[in-house]
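Report on one structure; see the data block that follows.
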Amino acid sequence: MTLCRRCAIRCNIERVYGNDFTAPSQVDAPAEDDPGFLALLDDEGRVEPRDAMPEAYRKTLVRQIAQHAHSEIIGMQPEGNWITRAPSLKRKAILMAKVQDEAGHGLYLYAAAETLGVERADLLDRLHAGTQKYSSIFNYPTITWADMGAIGWLVDGAAIVNQVPITRCSYGPYARAMVRICKEESFHQRQGFEILHTLSNGTPAQHAMAQDAVNRWWWPSLMMFGPPDDASPNSERSMRWGIKRHSNDALRQKFVDMTVPQSHALGLTLPDPELAYDEASGHWRTGPIDFTELFEVIKGNGPCNVQRMAHRRGAHERGAWVRDAADAYAAKRAARTEAAVA
Ligand code: FAQ
């Protein structure tokens, strides 16, 4: 039993919610090459919170799920910027619902991470301290209304391509969270496409605005998939463990193949003079991607990194009274329950 930071009482907060009698830390974690664990993965079985799992597997999941959760909540900022300036009441209502969905995705993902024996409060501390990451894409500014279309079409589009395979992740809670998230992301992608379609077929100024947004978001969207395979230290092991199902480059290619025909339907061009269809392989091939930009953004040197983190830390500080009230309420209820069973 460990001390729960939230309600400050002794309870089992390890890897699972509920009334557990054996804390998972009392079960020996198997080795990475444990035959039973590898056989489960080979059979496409699911690892569940109460199952013993190799420590490195657990840590990899915490890292990826936390980074994913942080991305969802930081990702609310670029679009939140446009809620008050959406061009109509209908657009405003849709955008508000979308931003709210992202908060929900963060919640499902933090909850999934908590089943691995970490607390949401600690994960947020790590985000604020800069020891955990969030997606590079949310460090770019949203300058015009067309950016809402480009984010929906390209960023949510890339997120779907990346995340649909995670519905088959070997860790049950992450896989199940992703099923619902992907359904919502599909709606987000369509609403982005529809915004751009309307602008592209509008006045010349609106068309130019849509084209400008696509020009700015195309390359950062390709970088969302991570570094190229030969510079991706985590991919091989995560794929062996069934956490990732495809390599970064394979997913990036799938996104390009899906998106190029959509750009034709939109009447917009993608800002890559070398983009060409390769008959032999049946794939659209891009020009070289400038991954130094990705590494710089990950290091904190993107256009909005400082602003995003300052806003997040400020929001967290301003929300302290809500957490204090929830903690006081939880402690009061826990004390009452303890008194009742004593
Ligand atoms: N940004 O070895 P790999 C969304 C880091 S949600 C920042 O290839 P891995 C929805 C990586 O963490 C978007 N860091 O790593 C939405 C690692 O560093 P570490 C988020 C990146 O984990 C839409 C290092 O580089 N989606 O958009 C990035 O095997 C609209 C080496 O890389 C997910 O998180 C990057 N782009 O593969 C919300 C999906 N790429 O941790 C609001 C789940 C790499 O060792 C509005 N995550 N790094 O210190 C994944 O699929 C994987 O974690 C990857 C990275 C593919 C992102």
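Whatever order the structure lists them in is the order used to number ligands and atoms, beginning at 1.
- Residue pairs that meet the salt bridge (charged side-chain N to carboxylate O under 4.0 Å, His left out) test with at least one member in residues 207-229, sequence neighbours left out, are Asp147-Arg216, Asp212-Arg216.
- The shortest N/O to N/O separation between Glu102 and ligand 1 does not fall below 3.5 Å.
- Using cut-offs of 30° and 60° on the angle between ring planes, the pair Tyr171 and Tyr57 is perpendicular.
- Near Phe138, the atoms of ligand 1 lying under 4.0 angstrom from a non-hydrogen atom of the residue are 4 (C), 16 (C), 23 (C), 27 (O), 30 (C), 38 (C), 42 (C), 46 (C).
- The protein heavy-atom contact nearest to atom 37 (O) of ligand 1 is Lys244 NZ, 2.9 Å.
- The closest approach between a heavy atom of Phe295 and any atom of ligand 1 is not below 4.0 Å.
- Residue-to-ligand polar distances place Lys133 within reach of ligand 1: an N/O pair is separated by less than 3.5 Å.
- In summary, the atoms of ligand 1 found under 4.0 Å from a heavy atom of Gly226, numbered by their order in the structure, are 40 (N), 44 (C).
- Residue Gly75 has at least one heavy-atom neighbour below 4.0 Å for each of these atoms of ligand 1: 42 (C), 46 (C).
- Residues in residues 150-162 take part in these salt bridge (charged side-chain N to carboxylate O under 4.0 Å, His left out) pairs, two or more places apart or across chains: Lys98-Asp156.
- Panel note: side chain Asp34, backbone Ala31; no donor-acceptor pair is recorded below 3.5 Å.
- In terms of polar-atom proximity, defined here as any N/O pair under 3.5 Å, Ser71 makes no such contact with ligand 1.
- Within a 4.0 Å radius of atom 54 (C) of ligand 1, the protein has no heavy atom.
- For atom 39 (C) of ligand 1, the nearest protein heavy atom (residue, atom name, distance) is Asn162 OD1, 3.1 Å.
- At distances below 3.5 Å, at least one donor-acceptor pair connects side-chain atoms of Thr131 with backbone N or O atoms of Arg126.
- Taking the six-membered ring where tryptophan is involved, the planes of Phe225 and Phe255 are tilted, since the angle between them lies from 30° to 60°.
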